[in-house]
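Some notes on the structure that comes next.
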Amino acid sequence: MKNGGILKEGGWHMKVECSAFVLALVLAAAPAFGRDLAIPGSFQKDAAPAGRIKIASGAVFIVRAGQTIPAQAGQPVFEADALRTGPDGRLGLTLKDDTRLSLGPSSEIRLDRFAFAPAEGRLGFVMSVVRGVAAYVSGQIAKLAPDAVRLETPAAIVGVRGTALVIRASQE
Amino acid sequence: MNHARLVGLLGATVAAALLAACGPKHVKSPEPAPDPKTATLVVLLPDDASGRSGFATVSPSPGSKARGSVELAAAREATIVGINRPPTSVTVMSEEEIKRQFGSLLSSLPPAPQHFTLYFRFESDELTAESRALVPDILRAVKQRPLPEVVITGHTDTTGSSTSNFELGLKRATMVRGLLGDAGLDPSSIEVTSHGEAVLLVRTPDNTYEPRNRRVEITIR
C-alpha cells in the first residue's frame, strides 16, 4: 500500500489514537515543536542550504526561526524555512536534489524536511503548502526514496511518484 | 437479493436514521461541495521534458475525519479535498483552464537543471576523450543561466568499501573541478560532493567492477 508507506514516515502521529480533536491539536503543534527541537541538534547537521531562490518578484519573504526577512533571487533556503509571498509576490526555487518549486501571490509554504545525502542514507522531502498556491516538480529524492516525499496542506496529504503538480491550499 | 443482505440493508437504514436523529453534524447526505476557500486542489502536470507524468496519491490530512484516497495518474487529472472530507473523484482539467489559473505560477518555475555525465578511461583517473570534449558545452550551459550553481558529484562502482568509495568519488569530483577551473570557471563557485557507491547508474551487487558506475555528474542549476 503506497499510503502505508507515506503514513509510516511521520511516527509522531501514530501514537495518538484518541479523538480527532486531540489529533488535530497534536498535528497543529507538531511542526513548531519539531522546529524548536531542530535548533540545537539537527540544525548543525543540515546547516548546508537546501536550495536557492532563483526567481523573486514583488513582496516575498523568508520566515526563519521566527524572523521574517525579505527574500531575493540568489538567497539560500534551509530546512525548516517558510517562504511567504504578498498579494503581488512570486517566487521560484531550485533545491539541491533538482526539486523545483514556485509560489503564486498571497501564498506560504514551509520546508518541513529536506535531506539529500544518499551516501549517508538520508533522504526526505516534506513540504507544507500553508495557504495559496504552489507548483512542485519532483527531483532526485522522489526518484531515490519516493516514500520519503510528502506534500501537505491543511486538508490533504499528497504522496508522489516522480511527477509535477500544482497544489492550491486555499483561495481568497 | 438474499436474506443476509436484506438484513444488512435494513440495519444500515436504521443506523442511518439514528445517526440523522443525533443532530445535524452527523447528516451525511446530500454532500455539499467542499468550501473553495479552504479546500485543497491538486492537479497533476505533464513532465515538461517527456510529456509523461508520474502519479500522486491524494488523501485527507491525518487529522481529518474523512478517509479514502484518490490517485492521479495522468496529466491534468485533478481532485479537491475539503477540510474533513474525502477527495472528490478525479476530473480532468483542460489545458486552457490550467493556463488560465496557473500560467503565471508555472512560469515562475526555474528552468530544469541540466546534467552532464563524465566517464573515466579504463583503470585510470583520466577522463575519456568523449567526456573531455563535453567541457565547452558545460561552460556554455553555465554561462546561459542567471545565478548559475554548479555541483560536481563523484560516483563509484561497488568495488571496495562504501567509505573508501565516498573518498574516491570526492577525489574524482575534485579533479573535475580543477579541470573546469582551468577551462575558465571560478572554482570557488563550484560545489564538490560524493555519493560514493550509493547511487548506481547500472544496478549491480556489492563488490562488482562496472566502469559505467565510475563517473562524475555535473549538475548546472
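Order of the sequence lines sets the chain letters (A, B, ...), proteins ahead of strands, with each chain counted from 1. Note: hydrogens, waters and symmetry copies are ignored here, and every other heavy atom, side chains too, is used. Predicted, not measured: the structure shown is a model, and the values here were computed from it.
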Taking every non-hydrogen pair under 4.5 Å, which of V81(B), L147(B), L105(B) racks up the most with chain A?
L105(B)
If we only count heavy atoms from C-beta on, is the K54(A) to P111(B) side-chain gap below 4.5 Å?
no
Heavy-atom proximity to chain A below 4.5 Å, by part of V199(B):
side chain
Of the listed G51(A), A117(A), S102(A), the one with the largest count of heavy-atom pairs under 4.5 Å with chain B is S102(A)
Heavy-atom contact with chain A under 4.5 Å, split by part of S194(B)
backbone
Rounded to the nearest 0.5 Å, how far apart are CZ of F116(A) and OG1 of T193(B)?
8.0 Å
Are any non-hydrogen side-chain atoms of V166(A) and V42(B) less than 4.5 angstrom apart?
no
Less than 4.5 Å apart, side chain to side chain, heavy atoms only: is that true for D98(A) and T219(B)?
yes
Using a 4.5 Å cut-off on heavy atoms from C-beta on, say whether the side chain of P113(B) contacts that of R100(A).
yes
Less than 4.5 Å apart, side chain to side chain, heavy atoms only: is that true for R221(B) and R52(A)?
no
Cut-off 4.5 Å, heavy atoms of chain B, and the answer for L151(A) is neither
Ranking E197(B), H195(B), Q101(B), E191(B) by heavy-atom pairs under 4.5 Å to chain A gives rank one to H195(B)
Check L41(B), V43(B), T40(B) against R168(A) for a side chain to side chain contact (heavy atoms under 4.5 Å, CB included) and give me the one that passes.
L41(B)
Rounded to the nearest 0.5 Å, the CG atom of L101(A) sits from the CG atom of L109(B) at a distance of 8.0 Å
Hey, are the side chains of S108(B) and L103(A) touching, using non-hydrogen atoms and a 4.5 Å cut-off?
no
Answer yes or no: is there a donor N or O on one side and an acceptor on the other, between the side chain of R90(A) and the main chain of S104(B), under 3.5 Å?
yes
Heavy atoms under 4.5 Å from chain A: which residues of residues 152-163 of chain B carry them?
none
Just so I understand: if I count every heavy-atom pair under 4.5 Å between each of A155(A), P154(A), A135(A), S57(A) and chain B, which residue has the most?
A155(A)
With a 4.5 angstrom heavy-atom cut-off, which part of I167(A) approaches chain B: side chain, backbone, both or neither?
both
Which distance, rounded to the nearest 0.5 Å, do you find between the CD1 of I157(A) and the OG of S64(B)?
11.0 Å
Taking K37(B) for the side chain and S170(A) for the main chain, is one N or O donor matched with an acceptor at less than 3.5 Å?
no
Can you tell me how far the CG atom of L165(A) sits from the CZ atom of F55(B), to the nearest 0.5 Å?
12.5 Å
Most contacts with chain B, counted as non-hydrogen pairs under 4.5 angstrom, among S138(A), A134(A), S107(A):
A134(A)
Quick check for you: among P118(A), A73(A), G162(A), which has the greatest number of heavy-atom pairs under 4.5 Å with chain B?
P118(A)
What's the spacing between S59(B) OG and R150(A) CZ if we round to 0.5 Å?
11.0 Å
